[in-house]
Every structure is written in structure tokens, then in C-alpha cells.
Peer 1: 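This is the structure I want to talk about, given as C-alpha cells.
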Amino acid sequence: MKTPTSDLIAGYVTYFNPDGDRLGIKTSAGDEFHTVLSPMAYAKMLQNLDESYIDVTGKMRSLLESGRYLYAYGIFYPDSPDFEVKFLVFVGYQVDRFLFENPTWWVNQVRSLANFYLNAQFGKDGIDYRHYRTHLSLAGIRSTTNYSQETDTISRLVYGFATAYLMTGEEPFLEAAEKGTEYLREHMRFLDIDNDIVYRYHGINVKDKLEQKIFASEFSDDYYAIPAYEQIYALAGLVQTYRINGDARILNDARLTVKLFEQFFRDRSEYGGYFSHLDPVTLDPHSEALGQNKGKKNWNSIGDHAPAYLINLWLATGEQKYFQMLENTFDTIVKRFPDYGYSPFVQERFYADWSPDRSWGWQQDRAVVGHNLKIAWNLLRMYNIQPKSEYLELACKIADLMPEVGSDRTRGGWYDVVERRLKNNESYYRFVWHDRKAWWQQEQAILAYYILAACLKNPRYHQLAQAAASFYNAWFLDTEDGGVYFNVLANGMPYLAGGNERNKSSHSMSGYHSTELCYLAAVYTNLLIYKQPMDFYFKPLADGFDQRILRVSPDILPPNSIKIKACEIDGEKYTNFDSQGLTVTLPDSKDRVKLKVQIAPI
């Protein structure tokens, strides 16, 4: 291009020469850029939500130590080989320590996110889900023209509130989680007495005192069908809330929804797996009315069970049937999704007999980068309790392949949707719509590489996790209005042109991915990598949890890696717990009690 072009470089400082303010930056791809600081260059330190701007311009040059990871935003001029740096973003004060790996970083971030959604959805009038709206503007203002309340977006937000309570113990978050759970039960739940199953409406439209229920999905990909992923995510918030309060009604609804999956979505033929959609009238996955979704399977219908609710359901109950469902899920993924003779990306859509579906809708023969990373992350979780070599092998294969084909190794961050194959003389996988980067795909990369680094003691994976978390925290946090941006441009600037990508809540975005990231990034970095204890909070109902046994393991972590170090009930020391078993025997009390459980590395 023969015009000045602004851009971003992410990488490690190789040298700094004060004479001439010349700076070398080496990217993850191994390319070294020779840059020069503009006379008006300025610098900031990474800023968490609810933190003030941290100007470090005055000591900018002293921070330019060899090996430091940073971001340089500036201009390429056609008549110069140098990149002129206009501003720098530092991600830590020390070369080898990143601010987001401090013990409280993610705790503070989840608190801010939960408060943002509390204020945006309910304001100062108290928590009333009749005021909830699926759509929130960039500034967190509820839509005044769209009165929809979608079930799975409420559930995802409930997950966020429950997670914030687990991490902070702050009562408004639990109130929001429990009221949201009750609202979903009263307004979105359908109990099919004949089949003894529970499923949820797509949502309702609420205006004044009128309520219109919407049974089948109104989303274009799933129109007039019951998509598996909506029923899956309808459980996300409920099960996370159950982990805190042990409400038997939640557990019963979860069991009856799992029965829905097993009785109607499961392919009971020799092929196995779960179909992606059901006819809303007949509950038949082979109905002609399903159109392009007739008799299909996909990543969401197979793999999303695990992270959305199933791992948490097993952690909360310890029931063997959920362990078996998890094992079947990951066995299916390992057997059916790899397609490495054809593409470095997994195959995501299938016909009933598992032959690849490369003609469906927008996806065609295309890859969602984040789904590959999500598989690697969850395979490692399962490997911790069922150490099958094929789980580890596939997780590592994905982790080793993805940086080159799915990440931006010059600017940092992870891409969205790309073509699965190269054509003609291409050497870069083509973007389907754009080169923007979505918030939820950054989450998958961060969690995948952190758990790989922690469990395998692999410094390369740790470096990739740090780079991914740096990009997310540097560019996705809206430190002015709160919350996180849906998409940023390749250069990290927020994409605000319009539509869902401008919003803070929509059909595609609520409080789930951002809070899940806070929760598990804190768990992996604190408990596994830096060996720091963490506090978790629970508030069981008086009749909550079978046999008064509270299971407190925060995730599926390596055997003998963590223990209960201490426990308090209502501020008083409590010792009736199994430290290695990660269970607390609750007191036989008619009153509801609040527990703080400190979990520490072994």
C-alpha cells in the first residue's frame, strides 16, 4: 500500500536504544520489527474494569526491558522501513509477571461485570426479571423497542451472577442468580408429564402486564425448531446456582432435561451422538419441517454439554451417570471430529451417519476457530479424571496447530471464522466475513492454554495463554461504560458499527463467557500455576444437597492437586470437612448458612 497505515504490533522487546528512541519488537511469528518512538509517544499500563487509567509515559523508556511483552500502536509509512510508535500498552510492571496473573485480578473483574449487568438490567428498582431485556446497548441501556426475553440468554446471565457470588460472596449476586433461576422456572419451563421430561421455551415477549410465550426458536439458524444448544445453555445458570444453594428443584429439572437429551436428541442407532434440532410439534429430529437441520449433528449438540452444564452437574452431585455422559461425549469428539487428512481444523457439522456436512447454511466448509480451542480445553479437563491417551493427544494436537492457522501472530488475539482449506497458491486461511476478533473466542484460547500449561508444565503453552489473556485484557474491556466488547478489529480497536456487535447483550452475548473466563482463569493461574489459595462462597438452603454433602471442587483439576485448607460458616471456623475429598458436611440446621471455603494447592 502506498499510503500511511496505522496498525498494532504485539511482541517481546528485543532491544531499546535511547539514542534515537529505537525499539525492537519480536512477534509470536518470529518476525522482528524495528520501530521508533514518536516524539509524542505515550504509554499506559494494563487497566482492569473499575480501575482508573494508569499513565506510565514518564517511565516508559525504563520499562522497555529485553523480553518484556507489550503492544505498540503506530504508523507504517511507505517511505520508511521503520514503524513509528504512537502509544504503548504494558501488561505488567515486571518483565516476567503479567498483571492479570495477580491473585485478585479476575475476582475484581467478575465483580465489575456482575455489577454492570445488575445495574443495566435492573437499575435501582430492585431485581425484577420482568424488566430484563435480551438486548442491551453499548452503554448498558435496555432496549425500548425489543421486549424479548430469551431463555438461554437469561440462563447465561444467571450463570454470571452465580459465578460472581462463588468468587466474591456478595449477596446481590446470589439474589440475582436465585431470582433469575426462579423466573426461568416459572415462565420458561415446560414440564411434559406424558414423557416425564422438561424443556424450555425459546423465550417470551413481555410488555406491560402481557406475556407472549415463544416455543420454537426465532433465531435464523434454528427457525421454528428446538435447537439442542438452547436447551443446553438453559441449564448453564441453573446448575451453577445449584452448586451454591443445593436447591432440589433445580436438580430435578436438570435431571429431567438430561432425560430430554437422552430420550429425544440422542441418536439411538449404531451411530450415536445427539441430533442438533427437534421438530417442536413431534420432537422428531428427522422431521421434514426441520429443513436444513433435518437429521443433523454438530459441535453444539455434541460438545457443548460439557462446559455449559454437565461438568458442573457432575462436580455438584458426583453421580456416575453424568460422568458416563461426559465420557461418551469426549469419546465421540475424539472419534468423529478430527479431520486432519483434509484440514487442520476439526469437522463441526455432520449428517446422521457422521459423514461430513459441508453445505450447511453459512458454515459450508468453514471453521470456527474457538470451537477447536474449546475442544482442547475441555479434553484436558476430562483427561484429569479419565486419563485416556487419545484425549491428551487430540488436545495437544489442536493446541499445537491452532496458533499458526487461527491466531494473529503479529497483533495478538484469535480470529473468528475461516475457510478450512487453502486454495491454489494460498498460504493463509481466508476469513469468511472479516478479520475481527470475538470476545468468546479469546476465552477459549486463554482457558485452553492455561489448563494445558498448568497440567503439562509446558512453558510454551503458558506463553500462549499469557499472550491471549494480554490481548483480551488490553482491548476487550470497556473501562468507560463497563462490560466487554463483542468484537474488536484486528488491531484491537472496538468494532461498533452496529447490530449485535455493538451491544453488550444480545441473542449471542450475555454474562456467560466473560464470567466463566474470570472464574476458570483465576482457578488455573492461582491454584495450579502460581500455587495461591482461593476462597469460594456457598449458601445452601436448609434442605439443600443430598445427605448434607457439599462438593466444592472448583473444576476438574489434576488428582491430588488441591485440598480444602479452611472453612467458615457465618464467619465462624468450621472443621467438618474432608480436605482431600473436597467435600463439606453441612450442619443439621433449619437455618440457611453461608460458607467460605478456602481451597489451596497441595
Peer 1: Quick check with a 6.0 Å cut-off and a 45 degree axis cone: is R156 positioned over the face of Y233's six-membered ring?
Peer 2: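 Checked: cation-pi criterion met.
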Peer 1: Could you give the side-chain donor-acceptor pairs of residues 392-406 under 3.5 Å, partners two or more places apart or in another chain?
Peer 2:
residue	atom	partner	partner atom	Å
D400	OD1	Y461	OH	2.8

Peer 1: What do the steps show when you test D365 against R421 for salt bridge (Lys or Arg N to Asp or Glu O under 4.0 Å), and what is the final call?
Peer 2: CA-CA 8 Å; D365 194 13; R421 302 191 79 187; 5.5 Å; no
Peer 1: Please confirm whether the backbone N or O of R366 pairs with a side-chain atom of Q363, one donor and one acceptor, at under 3.5 Å?
Peer 2: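 Side chain of Q363 to backbone of R366: a pair is present.
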Peer 1: Verify the distance criterion only: is there a donor paired with an acceptor across the side chains of Y73 and N491 at less than 3.5 Å?
Peer 2: yes
Peer 1: Before we go on, tell me: are the rings of W439 and Y472 under 6.0 Å apart, centre to centre?
Peer 2: no
Peer 1: Before you tell me yes or no, could you show the steps for K296 and D357 under salt bridge (Lys or Arg N to Asp or Glu O under 4.0 Å), namely the whole-Å CA-CA distance, both residues' side-chain angles and the distance that decides it to 0.1 Å?
Peer 2: CA-CA 8 Å; K296 301 291 184 66; D357 179 3; 2.9 Å; yes
Peer 1: Donor-acceptor pair, distance only, cut-off 3.5 Å: does the side chain of T134 make one with the backbone of H507?
Peer 2: no
Peer 1: Using only heavy-atom distances, determine whether the side chains of T151 and E230 contain a donor-acceptor pair under 3.5 Å.
Peer 2: no
Peer 1: Measure from the ring center of Y449 to the ring center of H462 and say whether it is less than 6.0 Å.
Peer 2: no
Peer 1: Who pairs with D339 by salt bridge (Lys or Arg N to Asp or Glu O under 4.0 Å), at least two apart in sequence or on another chain?
Peer 2: R358, R420
Peer 1: Check whether any side-chain N or O of Q347 sits under 3.5 Å from a backbone N or O of R349 as a donor-acceptor pair, and report yes or no.
Peer 2: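 Judged by distance alone, yes, a pair lies under 3.5 Å.
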Peer 1: Is the side chain of W299 donor-acceptor paired with the backbone N or O of H371 at a distance under 3.5 Å, no angle test?
Peer 2: no
Peer 1: Once you measure the plane-to-plane angle for F100 and F98, does it fall in the parallel (<30°), tilted (30-60°) or perpendicular (>60°) bin?
Peer 2: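 Aromatic pair F100/F98 classed tilted.
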Peer 1: Can K437 and D408 be counted as an ion pair, charged N to O under 4.0 angstrom?
Peer 2: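 Salt bridge between K437 and D408, a charged N being under 4.0 Å from a carboxylate O: yes.
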Peer 1: Main chain of M325, side chain of T329: is a donor-acceptor contact present, judged purely on distance under 3.5 Å?
Peer 2: yes
Peer 1: Which is it for Y429 and E419 under the side chain to side chain contact (heavy atoms under 4.5 Å, CB included) test, yes or no, and what are the steps along the way?
Peer 2: CA-CA 6 Å; Y429 289 87; E419 300 291 344; 5.5 Å; no
Peer 1: Parallel under 30°, tilted from 30 to 60°, perpendicular over 60°: which one fits the rings of W354 and F350?
Peer 2: perpendicular
Peer 1: Going by atom types only, do E101 and Y530 share a side-chain donor-acceptor pair under 3.5 Å?
Peer 2: yes
Peer 1: Under a plain distance cut-off of 3.5 Å, with no hydrogens placed, do N298 and E348 share a side-chain donor-acceptor pair?
Peer 2: no
Peer 1: Distance alone, cut at 3.5 Å: any donor-acceptor contact between the side chains of Q466 and Y450?
Peer 2: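 No, because no side-chain N or O of Q466 sits under 3.5 Å from a partner of the opposite role on Y450.
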Peer 1: For Q442 and A438, indicate whether the former's side chain and the latter's backbone hold a donor-acceptor pair under 3.5 Å.
Peer 2: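 Yes.
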Peer 1: Under 6.0 Å between the ring centres of Y512 and Y159?
Peer 2: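 Yes, they do, as the ring centres are separated by less than 6.0 Å.
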